[in-house]
Amino acid sequence: MKKKNIKSIAVMTGGGDCPGLNAVIRAVTKTAITKFGLEVWGIQDGYLGLIEDRMDVLKYDDVSNILTVGGTILGSSNVANPFKFPVITGKSRQFKDVSNKCIEVLRGHSIDALICIGGDGTMASAASFAKKGVTVIGVPKTIDNDLYGTDITFGFNTAVTTATEAIDKVHTTASSHHRVMIIEVMGRYAGWIALHAGVASGSDCLLLPEIPYRLDKICDFVLARSKRGRRFSIIVTAEGAKEKGGKMVVAHKLPFSPDPIRLGGVAVKLVTQINEQTGLDCREVILGHVQRGGTPTPFDRVLATNFGYTAIELLMKGIKGHLVVLKDGNLSSIGLSKVAGRIKTVPRNHHLIKAALAVGTSFGI
Ligand code: F6P
């Protein structure tokens, strides 16, 4: 691969935020400055800042003291896709390809390479920019852990920790009031958070998008527990869980977003249905965006630092159009074109599903 002489880079955070973004920005910026003497630009609000030419030079001190801070100092946007950008005039809305304008903006600042920190939407655009000749390296972010090509994304461990702590708290009140508590966690179309937080909290029943549930099986399970003297049950449901033959529950539709569906509300539906069928007292807890906030766990701080450092190392070795990944315990990379348009869901034969089943956990089937 021909090595490009890189003197200046830009870094951006796209899509929904998550804990660990600042840790990557710090690792990218400090490695680029101290090890390679590069100039670093920070683009504001993801691709939106690139489209609107909003960016500033990041100095070493600008990224000090941010390792432990949640969110992103650069800001983010999950509605700005440069290849399908919503342009609104009066009541009409059109999607336009503004990618050439982004390339001109990069050229205007003499930026040689772009570090895109984001999830599947951000990587799809990064892959398209790579095809147009932009030197890009992707860094995998998302609490959902659904990015194809990497075993884990940073942000996931923190979200699982937050969800587990919340479920632990719900456990005690469920027990006191002999209730069925249904906790809804995020994750979009993948059940990674529900599976991990559910197993970590010793929850009784886990509902994942990958395993459509049967309402009668869930009801039989909680009634059987009740009859055995276990007078409460904890059900953890992924926001994307659905009944066999049914549909996912949609909370919002965002017409101007390239990814317009926002899931949510399956726990509310289940509370009514399980109460009607069993007579048991049921309550829902929807954890929502709390899972995206707070300080990253030590695991995520380390992963984010490794990812950010590796992104710059790869770039300076002449690699481009790749996503940094952790595969079988090793840091490596994969072509962005292999990642674009795909997501990683929980395989039905995943070892953690087998372990959960072995300890008596129900999956509502
Ligand atoms: O992808 C991260 C995530 O938090 C999903 O788990 C969730 O479905 C979605 O983003 C929520 O998006 P928004 O922040 O637009 O409500």
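In listed order, ligands and their atoms are each counted from 1. None of these values were measured; they are calculated from a predicted model. In this chain, numbering begins with 1 at the start of the sequence shown.
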Non-hydrogen side-chain atoms of Arg26 and Asn22 separated by less than 4.5 Å: no

Per-atom contacts of ligand 1 with Glu239, taking only distances under 4.0 Å to non-hydrogen atoms: 5 (C), 6 (O), 7 (C), 8 (O)

Element-labelled atoms of ligand 1 that are located less than 4.0 Å from some non-hydrogen atom of Asn78: 15 (O)

Nearest protein heavy atom with distance in Å, relative to atom 15 (O) of ligand 1: Arg262 NE, 2.6 Å

Identity and distance of the protein heavy atom lying nearest atom 3 (C) of ligand 1: Arg292 NH1, 3.4 Å

Option from Arg342, Lys344, Arg188 for which salt bridge (charged side-chain N to carboxylate O under 4.0 Å, His left out) with Asp146 holds: Arg188

Asp144, Thr142, Val79: member with heavy atom nearest to atom 5 (C) of ligand 1: Asp144

Other residues, nucleotides, ligands: >12 heavy atoms within 6.0 Å of Phe83 CZ: yes

Gly187 N/O to ligand 1 N/O under 3.5 Å: yes

Within-shell test, His289 vs ligand 1, heavy atom, strictly < 4.0 Å: yes

Identified side-chain hydrogen bond (donor to acceptor under 3.5 Å, both in side chains) counterpart of Arg292 within the set Thr162, Thr142, Asp17: Asp17

Steps toward side-chain contact (heavy atoms from CB on, under 4.5 Å) verdict (Asp144, Asp120): CA-CA 11 Å; Asp144 305 334; Asp120 63 339; over 6 Å; no

Side-chain donor-acceptor pair present, Ser99, Asp97, cut-off under 3.5 Å: yes

